[in-house]
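In this chain, numbering begins with 1 at the start of the sequence shown.
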Amino acid sequence: MKVVIVGGVAGGATAAARIRRLNEKAEIIVFERSGYISYANCGLPYYIGDIIKDPDALTLQTPESFYSRFRVNMKVHHEVTAIHPHKKTVSVCNLENGEIFEESYDKLLLSPGARPTQPKLPGIGIRQVFTLRTVEDTFHIKEYINTHQPRSVILAGGGFISLELAENLRKLGVEVTIVQRPKHLMNPFDPDMASFIHNEMRRHGIKLLLGHTVEGFGEKDGQAEVLLKDAPPLHGDMVILAIGVTPDTQLAKTAGLSLGIKDSILVNDRMETSIPDIYAVGDAVQVKHYVTGQDAMISLAGPANKQGRIAADNICGGDSRYQGSLGSSVIKIFDLTAASTGINEATAKRSGIDADKVILSPMSHAGYYPGGKLMTMKILFEKETYRLLGAQIIGYEGVDKRIDVLATSIHAGLKATELKDLDLAYAPPYSSAKDPVNMAGFMISNLSEGVLRQFHLEDMDSLPLDGSVTLLDTRTPGEYAQGHIDGFLNIPVDELREHIQEIPKDKPVYVICQSGLRSYIACRILSGYGFTCFNFSGGFRLYSSVMHDRRLAETASVCGMD
């Protein structure tokens, strides 16, 4: 059996190694148009920021080491230019000498990945405008920085690569501005959770100009000029486009393979395309979202590697199936860690799913053990069924651990109420006896039993201020004095019973505290006295983060910069 693989990074390299482990006699040839294979895309921004200093560390394998271990012919600087399914051959161009030849195959695997989205805008090709995809792109950007010592960089886009670049460039002492059309960074997160990301970025000097459309580029006085719709232009010493990725599927399209959303390659759960003996994996393929069952494009290394293994199994006569993508991800943002899995509220709404949520702010480990830090968790579930839909967590220590537990729970089909039953590891330096994931389960269980009633950030503006409801802040007077919401009466939770007669019993009570815990306790006290009580989800901590973000965003919109 002869297998030809197009693309030698995540999915392609994984598939090649797996095929060899399953079939020692197969002839395996990988064509990679760049000069590197099996490289760590996710590490590229950290080389630019001098966190990774050795360029060799970016490549997990070389063509020589891969051949030595797996006897796979890794041909770099070779671009497959055409697929001929009727002949079962591909046309290949040797980019080093221009030679063009055909290579036959029994099985063909496409792993071309995705390329940085480059809209057709004026000035896209000027010398100060860069994209980041390959190791060569990284070296090009790094060389430009070392040579020209830019003092300011504009990043167009606010996804993973942009935020990682922003942090690394800032650590080099460069002024960084992020501009994008969406009004919040990091699409997997809802706006309320993204506010923590925005505030962390601003705290480290990153300028955010959100909700603005880039219309083109130019050069002025030796700098790059970024032209914006209905706003003054931005100026910087260099620009890096990071506005998303587009499936690199022209090869598949020309060959007549069926395509899906954004011209991604259609595959079944065996990673088979519409043409026999041709498989496809990675960022170029359309998959099913594990939660919604809808078609999706999820450009992450984890799914690409899994798909490469599945395709390899099936090429070798097995029957492996891809069950869909959850989109689980994690990112370092200066001192913060932000992670998500499943779907967010916006996706739930688009998908017609009636979703509810809990928001909590637990400690990363036992409060009595030094060094514990707060995290904010948002757990989404389907009303009535309590099916887990997704989670977003932002904090410091232990964020990655909890998101993985929640991703596993979604995959296993646990109900949100069953999170309380998980038997999770505990020692004071690592967790609490009631882990944050368990705490989320307790809250959702209370909702299901009617023990807890909530109101949310989106309800705050509609709360009547005419005296028809009681608004109660149960924090300490010191906390209240440092910031509160107009109209909320301050009675600390520990003094509530002594002041119970001051609260009208015939009116519903809406209660807030810093994180949601003390206000929940207050609600239980009030319920014991016959009150109807609603607890604010996320607490004043969430409210103040969102309000602070909104104020700065409005200032940026008015001034053209924050």
Side-chain angles (χ1 to χ4, degrees), residues 1-34 37-38 61 63 66-67 69-76 78-94 100-114 247-260 263-287 303-323:
M1 179 174 65
K2 182 177 181 181
V3 182
V4 170
I5 299 175
V6 180
V9 190
T14 293
R18 177 68 171 170
I19 292 168
R20 174 57 72 227
R21 290 195 295 270
L22 296 177
N23 187 331
E24 181 62 23
K25 301 300 183 182
E27 181 183 0
I28 308 168
I29 303 174
V30 179
F31 294 112
E32 167 58 43
R33 86 180 136 205
S34 78
I37 62 156
S38 192
Q61 294 275 2
F66 212 95
Y67 182 82
R69 176 157 295 182
F70 298 111
R71 293 301 189 268
V72 170
N73 291 310
M74 285 281 187
K75 295 184 176 294
V76 296
H78 281 69
E79 181 175 12
V80 174
T81 57
I83 303 170
H84 312 290
H86 59 292
K87 295 193 297 182
K88 298 189 80 168
T89 65
V90 294
S91 296
V92 185
C93 178
N94 183 332
I100 297 175
F101 60 93
E102 283 197 7
E103 190 75 54
S104 64
Y105 65 83
D106 296 311
K107 305 286 184 180
L108 176 65
L109 173 63
L110 305 179
S111 182
D248 195 352
T249 57
Q250 186 59 48
L251 187 66
K253 187 175 184 178
T254 304
L257 274 68
S258 296
L259 303 179
D263 280 348
S264 56
I265 303 172
L266 281 180
V267 293
N268 61 18
D269 59 358
R270 287 170 48 86
M271 310 315 297
E272 295 169 324
T273 70
S274 59
I275 295 179
D277 295 323
I278 301 180
Y279 298 74
V281 301
D283 295 352
V285 306
Q286 175 179 293
V287 298
N305 278 277
K306 294 181 186 70
Q307 293 160 16
R309 179 185 174 93
I310 288 167
D313 287 351
N314 295 323
I315 286 170
C316 293
D319 187 24
S320 291
R321 307 276 174 162
Y322 189 65
Q323 298 182 28

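- A distance-only check finds a donor-acceptor pair linking the side chain of Gln307 to the backbone of Gly282 [under 3.5 Å].
- No donor-acceptor pair closer than 3.5 Å links the side chain of Thr14 to the backbone N or O of Gly308.
- No donor-acceptor pair under 3.5 Å is formed between the side chain of Thr249 and the backbone N or O of Ile265.
- Proximity of a side-chain donor or acceptor of Glu32 to a complementary backbone N or O of Ser34 within less than 3.5 Å is detected.
- Side-chain atoms of Arg20 come within 3.5 Å of backbone N or O of Phe70 as a donor-acceptor pair.
- Proximity of Lys306 to Gln323: side-chain heavy atoms (C-beta onward) are nowhere separated by under 4.5 Å.
- In terms of heavy atoms, Ile310 sits closest to Arg321 at CD1-O, 3.6 Å.
- Residues Thr81 and Ser91 form a side-chain contact, since some pair of their non-hydrogen atoms from C-beta on lies under 4.5 Å apart.
- Considering Ile5, Ile29, Val30, Val3 as possible partners of Val72, the one that fulfils the side chain to side chain contact (heavy atoms under 4.5 Å, CB included) test is Val30.
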Discussion item. Let's go through Asp106 and Glu27 carefully: what are the C-alpha distance in whole Å and the side-chain angles of both, what is the deciding distance for side-chain contact (heavy atoms from CB on, under 4.5 Å) to 0.1 Å, and is it a yes or a no?
Written reply: CA-CA 10 Å; Asp106 296 311; Glu27 181 183 0; over 6 Å; no

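- Test Glu102, Glu103, His84 against Thr89 for side-chain hydrogen bond (donor to acceptor under 3.5 Å, both in side chains) and you get one pass: Glu102.
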Item to complete: Take Val9 and Ser111 through the test side-chain contact (heavy atoms from CB on, under 4.5 Å) and record every step on the way to the result.
Response: CA-CA 8 Å; Val9 190; Ser111 182; over 6 Å; no

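- Under the 6.0 Å distance and 45° angle rule, Arg71 counts as a cation-pi partner of Tyr67.
- For Ala280 against Leu109, the heavy-atom pair with the smallest separation is N-CD1, 3.9 Å.
- With a 4.5 Å cut-off on side-chain heavy atoms, Leu110 and Ile83 count as touching.
- At most 12 heavy atoms of other shown residues, nucleotides or ligands fall within 6.0 angstrom of atom CZ in Arg69.
- Looking at Asp248, Ile278, Leu251 one by one, the single match for side chain to side chain contact (heavy atoms under 4.5 Å, CB included) with Val6 turns out to be Leu251.
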Item to complete: In sequence, state the C-alpha distance, the side-chain angles, and the governing distance for Phe31 and Val4, and then conclude on side-chain contact (heavy atoms from CB on, under 4.5 Å).
Response: CA-CA 8 Å; Phe31 294 112; Val4 170; 3.8 Å; yes

Item to complete: Test Lys88 against Lys2 for side-chain contact (heavy atoms from CB on, under 4.5 Å), laying out the working first.
Response: CA-CA 11 Å; Lys88 298 189 80 168; Lys2 182 177 181 181; over 6 Å; no

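- The closest donor-acceptor contact from the side chain of Asn314 to the backbone of Arg270 lies under 3.5 Å.
- Considering all non-hydrogen atoms of both residues, Lys25 and Asn23 come closest at N-OD1, 2.9 Å.
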